[in-house]
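In what follows, every chain begins at residue 1, and chains take the letters A, B, ... in the order their sequences are listed.
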2 protein chains.
Amino acid sequence: MIEIITIGDELTCGRTADENSRFIAQELAVAGLGVSRIITVGDAVEGIIRALQDMLPGTRFVIATGGLGPTDDDRTAPAAAAAFGRTLGENREAMALMENRYREFGRAMPPAAVKQAVLPEGCRIIPNPVGTACGFSIDDGDRQFLFLPGVPEEVRAMTSGFLIPHILQASGSENCIVSRTLKVFGLWESQIHELLRGSLPATPAVSLGYYPQYPEVSLKITGTGRDRGAVEQEVEAFQHSISEIIGEYLYSLTGESLEEVVGALLNKRGETLAIAESCTGGLIAHRITGVPGSSGYFDRSVVVYSNRAKEALLQVPRELLDRHGAVSMPVARIMAQNVRQLAETTYGLAVTGIAGPGGGTPEKPVGTVFIGLSSAASTQARQYQFSGTREKIKIMTAQVALNLLKTFIQPRA
Amino acid sequence: MIEIITIGDELTCGRTADENSRFIAQELAVAGLGVSRIITVGDAVEGIIRALQDMLPGTRFVIATGGLGPTDDDRTAPAAAAAFGRTLGENREAMALMENRYREFGRAMPPAAVKQAVLPEGCRIIPNPVGTACGFSIDDGDRQFLFLPGVPEEVRAMTSGFLIPHILQASGSENCIVSRTLKVFGLWESQIHELLRGSLPATPAVSLGYYPQYPEVSLKITGTGRDRGAVEQEVEAFQHSISEIIGEYLYSLTGESLEEVVGALLNKRGETLAIAESCTGGLIAHRITGVPGSSGYFDRSVVVYSNRAKEALLQVPRELLDRHGAVSMPVARIMAQNVRQLAETTYGLAVTGIAGPGGGTPEKPVGTVFIGLSSAASTQARQYQFSGTREKIKIMTAQVALNLLKTFIQPRA
């Protein structure tokens, strides 16, 4: 079994979220390796020593992060030396790697950095491909302790690049890992679970993880085995089974975001998009423009919060606003159609709704949303009823609008 | 000292971030109470028992979250009973509270919920003001173990409403706590630290916490003491000292977001805003419209990604775009001025820039941003050079633009 120790006062006082233990646990889980316990302690040497000495009986690997930097409150190396009865000394290999690193960065090595190479004797160095502080490992009886710096970016690089293959190999596994992320929108985690239950291949070497993040769910398929080709086939077959059951809700088989999928579709087809947003207030455009290269297919969004803006920027007839209200099917339709025609784009996407918490009426309660979509061939609008906070309604509306566009461009077979 | 135990397989496999331990640690820190260790274990009964029995010598309070729900993998109550040698039984008080809760929700109590009232004998009930599962506490020797459910919303409510005052009182403290959050933009954490060092009142009863969240920093001042009036005065004096040193960078003394501050200013003055966005792609409008009631002062944003959109929606002269480029001082000026005039609002705010990763040139590298601000009295534009990823440049540009508007509306004395 594997334990994780994260070290730092910023963690025990809640100043910083502990991203590292979660990332490492996730990567280990994907590799089929279980974490039995995660311990977080502050910077005090005694606390670190105690954590290192006090492991569970079956633990084979201990992964510790943090406290390897150049400042006074970085005390993991002396604590490790004390915990395992080693002396501390300047490690030549670590020093050489660090000097190289500063040379690559084109910076002079600050005197304080030398401390980062003062490590317990007899440890093995774990190179840091991103930062200046090396990691190191110490064997103690049956156990191996692996120490990494605490900078999340460095932990991510060292976990994927070293930790996982090292542990797999050291634990005698010759397995390789194949994983794939599917993105689901339109079903909640429990619904997916219900639909898939009992219908997936009984392949012990393939596992499925659920990672919900409102309003969508990522499914991570992970296969392990000796023969990469065979594992890839099993993962493929597993994914195929999932697609057969919930295929209409899968918008990506390779982990992209919805705006990336939409962007890639538009790009490939040489098509363009204009948006008219009321209740989402710019969120759809913000998502679309978060994708590098979006200026190639995204022309504009008009965020028309006032009726005057709807009239001026989208030529929505005053009479239509008076008769049906700004939040209505005909207004969503004409917003989509007019933004497309005015921008001379392939598609026009429009939303109008009541995000709350105020502004609801018995006929149109908070969460009432109309989404319009227009192309040269047709203009349609649909009504939705969402719920939750203002933020959740904005997020859901943007997601449903992007999904509507995606499905329109590329209907499911 | 205090320890925290968080329980759940979703935590040890990295599926869910452990928000609870961070929130509790933060609230305890604010109350002047230190956490010596945080332990995370899975749902297995043996692991929970071991975690409960294996506390550090000086620990007085142990706060455990998770595993109190109705499903089979919720096993904290039986583990606690086993760890402290108690029998399990239906707790009448918990049952009555739960029945009440379902009555309030207007829902029938599902049979599985009964499990939530099966607790170790002799425990004390901790009411849950949000959900259906009660918490409970058990005294064991010198130690008190406090068990809460794992739902973050419930943990937050029970921590603030019960845990903190209870621990303060049980540890013999008659202290009250006064805290205040200041929002800083324009200085990094290390710069604030440098500026404030040695210049704040040496008041042992008042502490200062730094909570950076790109691109800003929250400062939390916390005072503790017996006499609320005296503590409030000390916190006030502490805040005054901070304001004297970095006052020009403080945009809120009460923890609001920048868009809330801008919104409240506009609201109070009966003024209105229109925005023209290029590189932020709708993010400024998204932030503005995240504030309930923003429809009262926000008229529109035009997200003009193409030059054609800049011409059509903002009447930016083609000749200006050709001569200076879309990312230029004159274009930012005219975007701000024209969006204000077209929308007939008090202010016009405009941004144009290169968010990257592509699109940079030697003269205008990635991160070059121009921000324009127009009122009836004047129109100005400024040039900035930001750095980082596309996302970071968008975030920083939106923040600087909102800050520019805020400072223009309400200049510092």
Side-chain angles (χ1 to χ4, degrees), chain A residues 11-15 17-18 21-29 34-42 47 50-51 54 56 209-211 277 281-286 288-290 292-295 298-306 308-309 312-313 342-344 356-359 390-391 394, chain B residues 11-15 17-18 21-29 34-42 47 50-51 54 56 209-211 277 281-286 288-290 292-295 298-306 308-309 312-313 342-344 356-359 390-391 394:
Chain A
L11 302 173
T12 51
C13 76
R15 237 189 82 206
D18 180 9
S21 67
R22 187 187 176 196
F23 179 82
I24 295 170
Q26 222 174 77
E27 292 296 298
L28 288 170
V35 170
S36 56
R37 192 169 68 166
I38 301 165
I39 296 183
T40 304
V41 293
R50 165 124 201 178
D54 188 26
L56 298 173
Y210 293 73
Y211 300 87
E277 304 186 54
L283 174 57
I284 304 177
H286 173 48
I288 288 280
T289 62
S294 45
S295 54
F298 176 63
D299 185 81
R300 73 186 66 176
S301 176
V302 288
V303 182
V304 285
Y305 238 49
S306 69
R308 205 177 44 196
L313 297 175
L342 290 165
E344 299 175 32
R390 181 178 181 86
E391 190 191 359
K394 284 181 77 175
Chain B
L11 303 173
T12 51
C13 75
R15 237 191 81 207
D18 181 11
S21 68
R22 186 185 178 195
F23 179 82
I24 295 170
Q26 219 173 80
E27 293 295 298
L28 289 169
V35 170
S36 56
R37 194 169 65 167
I38 302 164
I39 295 182
T40 304
V41 292
R50 164 125 201 178
D54 186 28
L56 298 173
Y210 293 72
Y211 300 87
E277 305 186 55
L283 175 57
I284 305 178
H286 172 49
I288 289 279
T289 61
S294 45
S295 55
F298 177 63
D299 184 82
R300 72 184 68 174
S301 176
V302 288
V303 181
V304 284
Y305 238 50
S306 68
R308 204 175 48 195
L313 297 174
L342 290 165
E344 298 175 34
R390 183 178 180 87
E391 189 190 2
K394 284 181 79 173

Requested in this report: Please look at A:Ala312 and chain B and tell me whether the side chain, the backbone, both or neither of the residue comes under 4.5 angstrom of a heavy atom of that chain.
Outcome: side chain

Query - Interface residue of largest heavy-atom contact number with chain B, from A:Leu313, A:Asp299, A:Val302, under 4.5 Å - result: A:Asp299

Query - Contact winner vs chain B - A:Leu56, A:Leu28, A:Leu342, heavy-atom pairs under 4.5 Å - result: A:Leu56

Query raised in the report: For A:Leu283, is it the side chain, the backbone, both, or neither that has a heavy atom closer than 4.5 Å to a heavy atom of chain B?
Result: both

Requested in this report: Would you check if the side chain of B:Arg300 reaches a backbone N or O of A:Ser306 as a donor-acceptor pair within less than 3.5 Å?
Outcome: no

Query raised in the report: Of all of B:Val304, B:Asp54, B:Ile284, B:Ile288, which one pairs up most often with chain A through heavy atoms under 4.5 Å apart?
Result: B:Asp54

Query - Pairing residues for B:Glu391 by the salt bridge (Lys or Arg N to Asp or Glu O under 4.0 Å) criterion, not counting sequence neighbours - result: none

Requested in this report: Please flag which part of A:Asp18 lies under 4.5 Å from any non-hydrogen atom of chain B: side chain, backbone, both or neither.
Outcome: neither

Query - Max heavy-atom pair count under 4.5 Å with chain A, selected residue of B:Ala25, B:Gly358, B:Ser36, B:Gly34 - result: B:Ala25

Query raised in the report: How long is the span from the OG1 atom in B:Thr289 to the CD atom in A:Glu277, to the nearest 0.5 Å?
Result: 8.5 Å

**Report entry** chain B contacts, top residue of A:Ser301, A:Ala285, A:Pro357, A:Ala309 (heavy-atom pairs, under 4.5 Å)
**Finding:** A:Ser301

Report summary line: Pair count under 4.5 Å, heavy atoms only, with chain A: among B:Gly42, B:Ala17, B:Gly47, highest is B:Ala17

Report summary line: Cut-off 4.5 Å, heavy atoms of chain B, and the answer for A:Glu27 is neither

Requested in this report: Grab the two heavy atoms, one from A:Tyr210 and one from B:Arg15, that are nearest each other, plus how far apart they are.
Outcome: O-NE, 2.8 Å

Query raised in the report: With only heavy atoms counted, which part of B:Leu11 is less than 4.5 Å from chain A, the side chain, the backbone, both or neither?
Result: backbone

Query raised in the report: Of the backbone (N, CA, C, O) and the side chain (C-beta and beyond), which part of A:Ala29 lies under 4.5 Å from a heavy atom of chain B, both, or neither?
Result: side chain

Query raised in the report: Between B:Glu344, B:Arg308, B:Arg390, B:Gln26, which has the largest tally of heavy atom pairs under 4.5 Å with chain A?
Result: B:Arg390

Report task. Could I get the full list of salt bridge (Lys or Arg N to Asp or Glu O under 4.0 Å) partners for A:Arg50, not counting sequence neighbours? Result -> none

Query raised in the report: Relative to chain B, which segment of A:Ser294 carries a heavy atom at a distance below 4.5 Å: side chain, backbone, both, or neither?
Result: both

Report task. Give, as side chain, backbone, both or neither, the part of A:Arg37 having an atom under 4.5 angstrom from any heavy atom of chain B. Result -> both

Query - Region of A:Thr12 that comes under 4.5 Å of a non-hydrogen atom in chain B - result: both

